[in-house]
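Okay, so here's the structure we're looking at.
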Amino acid sequence: MIPYVTDTPDIRIPANLLPADGRFGSGPSKVRPDAVAALSEASTRFLGTSHRQKTVKSVVGSLRAGLAALFALPDGYEVVLGNGGATCFWDAATFGLIESKSQHLSFGEFSSKFAAAAASAPHIGAPEVITSEVGTHPEAIARDDVDLYALTHNETSTGVMMEIARPAGSASPGDGGGLVAVDATSGAGGLPVDPAQFDAYYFAPQKCFGSDGGLWVALLSPAAVERIGRITGSGRWTPASMDLAIALDNSRLDQTYNTPALATLFVMDDQVRWFNEQGGMAFSTGRCDRSAEILYTWADASDFATPFVAREADRSHVVGTIDFEDAIDATAVAAVLRANGIVDTEPYRKLGRNQLRIAMFPAIDPDDVASLCACINHVVGALAG
Ligand SMILES: *Cc1c(COP(=O)(O)O)cnc(C)c1O
């Protein structure tokens with residue numbers, strides 16, 4: 001039972017314990033002040049200018065090239081973008097990527113939503129949905145009649161990550177096997193991935209890419225591009241804003257079908273440049289690895305906190321979920337943290353556990369994660385005292 005907290009205990013955390021930046025939310029998440037300063041500096045030349053002209057197209061081009069470099073995309077893979085966020089990509093995929101039957105690994109709020117979108121689409125067959133207990137993830141099963149496997153790199157609601165691999169025993173898409181489509185909204189840029197293992201790896205900018213929401217980006221393999229062309233050619237009705245063939249055509253011109261949020265594009269491009277300048281994926285994933293090591297080592301050693309995810313290999317390096325013993329009210333801890341400027345550590349509401357959820361995206365300084373742990377110790381001590 002989580003007690004209902006009516007007001008926040010008056011606990012002031014000593015200034016020397018506080019993190020330099022108090023944003024630990026799982027999305028929207030910390031935006032680097034340097035990226036905002038760069039946007040401000042460029043604002044009179046960039047904001048409020050046409051997305052069909054060179055100024056904006058060059059940022060989109062830089063973003064597409066930067067992502068291709070960051071993920072070391074093989075020849076023939078394409079970076080495609082469109083409006084509406086990861087949620088809209090699920091709908092676009094039901095129109096343009098699923099031929100007739102998908103298989104979904106459903107192990108939390110986000111992964112269940114794509115499964116629901118596919119189940120409700122009248123133009124494709126019923127999906128196969130494989131579930132597992134919260135705090136774990138299921139494995140995909142190769143099937144002859146499945147033409148798209150829907151995986152999730154990091155289940156943001158529970159803090160479970162999984163390695164991205166084609167289902168054991170499945171043929172490659174070139175030999176008639178299903179496509180692998182990965183919701184990497186909270187994992188992309190923070191967790192390692194091998195492009196040979198996916199056909200569509202899609203995400204939104206407000207998590208590891210430290211920008212605002214409202215955009216989707218998909219890294220597509222040649223097999224995914226071929227699938228989009230085949231479905232379009234088959235005459236399936238698709239709303240233009242959901243049409244991946246239209247998105248692909250526009251992306252190739254460094255544009256979007258309709259008007260994008262220019263600030264979002266700029267700040268995302270700044271983040272990708274920052275990753276690439278600092279050492280690419282080894283840098284960005286290394287920051288998350290270090291933060292995760294700090295958080296889980298602290299929780300393992302604590303006498304009141306434990307990592308929620310039992311299996312160490314499944315514990316996310318980008319979103320940590322930490323259970324608290326019953327005597328300590330995590331809601332009160334989160335409220336005190338918030339009153340002290342440390343925000344968005346509340347658990348995913350529908351999970352309903354006595355826990356904190358802490359983002360460890362690349363923009364978040366591992367030293368700040370260490371400071372956060374010290375702050376939690378202080379707050380718990382003060383609440384008990
Ligand atoms: C945040 C998130 C989404 C939703 O992203 P939107 O851009 O809000 O649509 C989907 N999947 C995962 C795994 C997420 O973390």
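In listed order, ligands and their atoms are each counted from 1. We count residues from 1, following the sequence as given.
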Return the orientation label for the W237 and F95 ring planes: parallel under 30°, perpendicular over 60°, tilted otherwise. perpendicular
Between N258 and N83, do the side chains contain an N or O donor and an N or O acceptor separated by less than 3.5 Å? yes
Under a 4.0 Å heavy-atom cut-off, what residues line ligand 1? G85, A86, T87, W90, F110, N154, T156, D183, T185, S186, A204, Q206, K207
Taking the cut-offs as 6.0 angstrom to the six-membered ring centre and 45 degrees off its axis, would you call K30 and F209 a cation-pi pair? no
Quick one: do the T55 and Q53 side chains pair a donor with an acceptor below 3.5 Å? no
Would you call the rings of F304 and F324 parallel, tilted or perpendicular if under 30° counts as parallel and over 60° as perpendicular? tilted
Between the side chains of T264 and D212, is a donor N or O closer than 3.5 angstrom to an acceptor N or O? no
